[in-house]
Amino acid sequence: HLEEGGGRAKSLPMRLISDVAPGGELINTYGDLPESELLRKYGFTEEEENPFDTVDVEWEHLGEALGVEPGVMGRMLEAHEDILPPTGFSLGRDLGVPLELRAAVDILTHTPNRQDTKRRRVEHRERERKGWIKSREFTASDWKGIACAAQRRTEQYGPSSLTEDRTSLAQAEKAMHESLASHNKAEYFSHRNAVAALRVRVAEKSILDAFHQKCLSHIKRLSQQ
């Protein structure tokens with residue numbers, strides 16, 4: 001790992017985190033990055049499922065799903081900029097509900113006079129914010145809104161289903177390997193680019209699909225109570 005300070009000028013001291021035998025390979029990690037960031041920063045994607053994959057969902061999707069006017073959403077973000085990122089929230093493969101999503105749902109659906117966001121900010125300033133947000137339990141209506149937001153985000157990828165995208169990915173990977181074996185560089189790079197894009201697409205859509213199923217499960221459970 002990268003050592004802080006203590007290095008000579010124009011140097012980056014690195015320390016091994018495990019023993020390496022003489023003649024062994026030294027490897028520096030690219031970091032715990034999702035497929036989209038690996039592609040954007042370094043130009044490649046993982047062949048195996050990446051445990052660090054995430055997908056971003058814009059606040060506008062949540063607002064539309066909950067029936068919130070754009071102006072109200074803008075005022076909410078301005079008044080609660082200390083806990084709400086300006087663009088939206090991220091979902092990961094663990095399917096956990098991020099803190100910022102819990103906060104947004106609380107502010108948008110469980111606030112008397114939700115338009116008065118400045119007042120709400122003053123009211124909550126004295127509270128233990130994280131404890132307050134984490135203790136919030138979603139209702140069936142909340143989960144329906146969140147499920148709808150995930151579905152709206154999925155629709156941005158176009159009409160193809162996740163199953164169809166996985167089939168396209170398998171075909172593109174096969175074509176990439178065949179062009180590599182035949183030493184056709186032009187075709188190889190063309191197929192490699194298609195594979196990278198499809199891997200990102202499949203990774204993000206699979207997270208959205210799994211999270212949507214989680215929402216439906218909660219809706220069913222709460223509706224039966």
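Note that the coordinates shown come from a computational prediction; the quantities given were computed from them, not determined experimentally. Counting begins at 1 with the first residue of the sequence.
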Query raised in the report: Considering only heavy atoms from C-beta outward, does the side chain of Glu46 approach that of Arg199 to under 4.5 Å?
Result: no

**Report entry** Straight-line distance of Arg201 CZ to Ser206 OG, nearest 0.5 Å
**Finding:** 12.5 Å

**Report entry** From His218 atom NE2 to Gln213 atom CD, the distance as rounded to the nearest 0.5 Å
**Finding:** 12.0 Å

Report summary line: Of all heavy-atom pairs linking Met73 and Val68, the shortest is N-CG1, 4.0 Å

Query - hydrophobic_cluster_shared for Leu169 and Tyr188, side chain cutoff 4.5 Å - result: yes

Query raised in the report: Going from CG on Leu16 to CD1 on Ile27, what distance comes out if it is rounded to the nearest 0.5 angstrom?
Result: 10.5 Å

Requested in this report: Would you check if the side chain of Asp53 reaches a backbone N or O of Pro34 as a donor-acceptor pair within less than 3.5 Å?
Outcome: no

Query raised in the report: Cluster question for you: counting only ILVMFWY and a side-chain heavy-atom cut-off of under 4.5 Å, with indirect links fine, are Phe211 and Tyr157 together?
Result: yes

Query raised in the report: Is there side-chain contact between Trp143 and Val97, with heavy atoms separated by less than 4.5 Å?
Result: yes

Query - Ion pair Arg152/Glu64, N-O distance below 4.0 Å - result: yes

**Report entry** Side-chain donor-acceptor contact under 3.5 Å, Thr139 with Asp142
**Finding:** yes

Requested in this report: Determine whether the side chains of Glu37 and Tyr42 contain a donor N or O and an acceptor N or O closer than 3.5 Å.
Outcome: no

Report summary line: Sorted by chain and number, sequence neighbours left out, ring pair (Phe, Tyr, Trp, His ring centres under 6.0 Å) with His61 holds for none

Query raised in the report: For the side chain of Lys214 and the backbone of Leu95, is there at least one donor-acceptor N/O pair under 3.5 Å apart?
Result: yes

Query raised in the report: Which pair of heavy atoms, one from Ala150 and one from Leu208, lies closest together, and at what distance?
Result: O-CD2, 4.0 Å

Query raised in the report: Counting heavy atoms not belonging to Lys205, are there more than 12 under 6.0 Å from its NZ?
Result: yes

Query - Phe44-Tyr30 aromatic ring centre distance below 6.0 Å - result: yes

Query raised in the report: Under the 3.5 angstrom rule, does the side chain of Ser190 hit a backbone N or O of Ala186 as a donor-acceptor pair?
Result: no

Report task. Measure the shortest side-chain to side-chain distance between Asp56 and Thr87 over non-hydrogen atoms and say whether it is less than 4.5 angstrom. Result -> no

Report task. Check whether the side chains of Asn184 and Ser179 place a donor and an acceptor atom closer than 3.5 Å, and report yes or no. Result -> no

Query raised in the report: Counting N and O atoms only, with roles assigned by atom type, does the side chain of Glu100 sit under 3.5 Å from a partner on the main chain of Pro85, one being a donor and the other an acceptor?
Result: no

Report task. Kindly work out whether a path of hydrophobic side-chain contacts (I/L/V/M/F/W/Y, heavy atoms less than 4.5 Å apart) joins Val200 to Val57. Result -> no

Query raised in the report: How many angstroms lie between CD in Glu173 and CD in Glu178, if you round to the nearest 0.5 Å?
Result: 12.0 Å

Requested in this report: Look at the side-chain heavy atoms of Ile, Leu, Val, Met, Phe, Trp and Tyr, link any pair under 4.5 Å apart, and say whether Val202 and Leu91 land in one connected group.
Outcome: no

Query raised in the report: What pair of heavy atoms forms the shortest contact from Asp165 to Ser160, and how long is it?
Result: OD1-OG, 2.9 Å

Query raised in the report: Taking all non-hydrogen atoms of both residues, which atom of Ala172 and which atom of Leu198 are closest, and how far apart?
Result: CB-CD1, 4.1 Å

Query raised in the report: For the hydrophobic clusters of this structure (ILVMFWY residues joined by side-chain heavy atoms under 4.5 Å, transitively), does one cluster hold both Leu33 and Ile207?
Result: no

Query raised in the report: Is it the case that more than 12 heavy atoms not belonging to Gln225 sit under 6.0 Å from its CD atom?
Result: yes

Report task. List the steps, then state whether side chain to side chain contact (heavy atoms under 4.5 Å, CB included) holds for Leu216 with His212. Result -> CA-CA 6 Å; Leu216 296 182; His212 186 259; 3.6 Å; yes

**Report entry** Nearest-0.5 Å distance that lies between atom CD in Gln156 and atom OG1 in Thr154
**Finding:** 9.0 Å

Query raised in the report: Does NZ or CZ of Arg102 fall inside the cone over Phe138's six-membered ring, less than 6.0 Å from its centre and within 45° of the axis?
Result: yes

**Report entry** Validation row: Ser36, Glu204 side chains within 4.5 angstrom (heavy atoms)
**Finding:** yes

Query raised in the report: Any luck finding a side-chain donor-acceptor pair between Thr54 and Arg93 under 3.5 Å?
Result: no

Report task. Specify the closest pair of heavy atoms between Ala65 and Ala149, including all atoms of both residues, with the distance to one decimal. Result -> CB-N, 3.7 Å

**Report entry** Polar side-chain atom of Thr29 near backbone of Gly31 as donor-acceptor pair, under 3.5 Å
**Finding:** yes

**Report entry** Closest approach of Leu84 to Ala103 (non-hydrogen atoms, all atoms of both residues)
**Finding:** CD2-CB, 4.0 Å

Query raised in the report: If you round to the nearest 0.5 Å, how far is CG of Leu66 from SG of Cys148?
Result: 8.5 Å

